[in-house]
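Sequence lines set the chain letters: A, B, ... in the order given, protein chains first and strands last, and positions in each chain run from 1. Atom set for the values below is all heavy atoms of this structure, side chains included, hydrogens, waters and symmetry mates excluded. It should be emphasised that the depicted structure is a prediction, and the values quoted were computed from it without experimental measurement.
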Protein chains: 2
Amino acid sequence: MKTPAADIDPGILERFESFIKEKGLRRTGQRDVIVAAAFSTDSHFTAEDLWEMARKIDPSTSRATLYRTLSLLTESGLLQEIDLGRDQKYYDPNFVEHPNHNHLICLDCGTVIEFSDENMAVIEDCVTRRLGFSSVRKDIRIEARCEEFRTSGHCKRGKK
Amino acid sequence: MKTPAADIDPGILERFESFIKEKGLRRTGQRDVIVAAAFSTDSHFTAEDLWEMARKIDPSTSRATLYRTLSLLTESGLLQEIDLGRDQKYYDPNFVEHPNHNHLICLDCGTVIEFSDENMAVIEDCVTRRLGFSSVRKDIRIEARCEEFRTSGHCKRGKK
DNA sequence: GTTTCTGCAAAGGTTTTGCAACAAA
DNA sequence: TTTGTTGCAAAACCTTTGCAGAAAC
């Protein structure tokens with residue numbers, strides 16, 4: 001089996017393979033292509049984006065397999081579905097490296113900024129515990145206006 | 001024009017009407033039906049759910065009009081789209097009364113709990129400001145396990 | 001009377017599925 | 001050899017849109 005995943009984090013492939021094996025499934029060339037595509041970037045992407053990325057590695061990649069593999073990736077926790085407040089679902093490959101990050105979306109230029117904050121995490125945990133639960137996963141999206149844009153009419157990140 | 005919205009919060013109809021008028025649009029019987037349906041409950045609902053609720057008031061309600069009115073309601077801020085981590089979009093009619101609430105989803109029984117926390121809101125605002133933004137809107141979803149369920153194998157809210 | 005709104009049916013876009021050929025173990 | 005996987009095309013879903021008749025103002 002060819003491994004088009006040559007230059008992605010070996011830890012990811014390893015985690016993917018052990019997840020796959022645990023479920024009694026098989027590691028295939030096609031799945032490797034899709035995993036490689038998903039982790040070839042640190043940008044957020046849609047299913048369609050990922051399909052295009054995968055097809056650059058292997059043009060025969062079908063949408064069906066893409067969606068099937070996407071499910072495996074989210075189920076394994078390697079990829080996380082995030083809500084950017086847009087019409088489509090987006091997937092975030094950065095949770096492996098930054099397990100607790102959140103998203104801020106700039107309403108002026110559309111940029112998505114990832115951030116983590118220890119205090120925030122602690123309070124969320126307190127509140128959750130006070131309600132009688134223990135937190136498993138969270139998805140926090142803040143939509144905000146850029147101060148720079150407000151004062152000067154533009155911001156360094158450019159426009160939407 | 002009949003007003004099937006007889007017993008819903010008059011403040012909501014008022015806000016809806018002024019939003020409508022400001023846009024140069026018209027208040028219609030059909031829109032009133034859909035607004036009445038949306039605010040006849042404090043549960044979260046999908047577009048399909050809302051269609052069914054509206055059809056109980058007026059069986060001729062079409063999906064097309066439902067979707068068109070749903071856009072107006074979210075645009076006006078009366079209804080908010082929320083991400084419950086499920087496959088469909090959900091709409092929350094409770095932001096009029098509780099403008100800053102968040103959602104906790106119980107992974108054991110599926111219940112959605114609304115909560116607000118002042119400390120949480122303050123920290124979020126600090127973090128946002130530190131990044132150079134001013135917060136406009138946020139959507140926070142916490143998925144968690146119920147302590148009661150963990151210790152006793154069931155919880156008072158019943159099961160999924 | 002003019003402009004917007006409505007329901008219908010058709011179209012659009014995204015995701016899933018049945019199936020026969022193919023590949024992994 | 002057995003069982004899981006793939007691509008294709010079709011189906012399933014959810015949402016939007018063009019249009020002609022109806023309703024608001």
[X] side chain: which of [options] is closest?
X	options	result
R26(A)	dT2(D), dG7(C), dA9(D)	dT2(D)
A64(B)	dA9(C), dT6(C), dA9(D)	dA9(C)
Q30(A)	dT15(D), dG7(D), dG7(C)	dG7(D)

* For DNA chain C, the residues among residues 67-92 of chain B that have a non-hydrogen atom under 4.0 Å from it -> R68(B)
* To do: Scan residues 93-105 of chain A for pairs that pass salt bridge (charged side-chain N to carboxylate O under 4.0 Å, His left out), counting only residues two or more places apart or in two chains.
  => none
* **Pairs satisfying salt bridge (charged side-chain N to carboxylate O under 4.0 Å, His left out), at least one member in residues 61-87 of chain B, at least two apart** => K89(A)-D87(B), K23(B)-E75(B), E48(B)-R63(B), E81(B)-K89(B), D83(B)-R141(B)
Rounded to the nearest angstrom, tell me the gap between atom [atom1] in [X] and atom [atom2] in [N].
X	N	atom1	atom2	value
R55(B)	dC8(C)	CZ	C1'	13 Å
R27(B)	dT6(C)	CZ	P	13 Å
K21(B)	dT3(C)	NZ	C1'	14 Å
D32(A)	dT5(D)	CG	C1'	13 Å
I34(B)	dG7(C)	CD1	C1'	11 Å
L66(A)	dG7(D)	CG	P	10 Å
E17(B)	dA24(D)	CD	P	13 Å
L50(B)	dC14(D)	CG	P	15 Å

* Asked: Hey, is the main chain of A37(B) close enough, under 3.5 Å, to the side chain of T41(B) for a donor-acceptor pair?
  -> no
* Asked: Can any side-chain N or O of D49(B) pair as donor or acceptor with the backbone N or O of T46(B) at less than 3.5 Å?
  -> yes
* Asked: What do the steps show when you test D9(A) against F39(A) for side-chain contact (heavy atoms from CB on, under 4.5 Å), and what is the final call?
  -> CA-CA 8 Å; D9(A) 180 346; F39(A) 292 94; over 6 Å; no
* So E147(A) and R150(A), salt bridge (Lys or Arg N to Asp or Glu O under 4.0 Å) or not? Walk me through it. -> CA-CA 5 Å; E147(A) 279 303 321; R150(A) 194 179 62 73; 2.9 Å; yes
* To do: Decide yes or no, distance alone: a donor-acceptor N/O pair under 3.5 angstrom between the base of dT14(C) and the side-chain of R63(A).
  => no
[N] phosphate, OP1 or OP2, under 4.0 Å from [X] side-chain N/O:
X	N	answer
S60(A)	dG7(D)	yes
R31(A)	dG4(D)	no
T28(B)	dT6(C)	yes
S62(A)	dC8(D)	no

* Asked: How about H44(B) and E114(B): does a side-chain donor come under 3.5 Å of a side-chain acceptor?
  -> yes
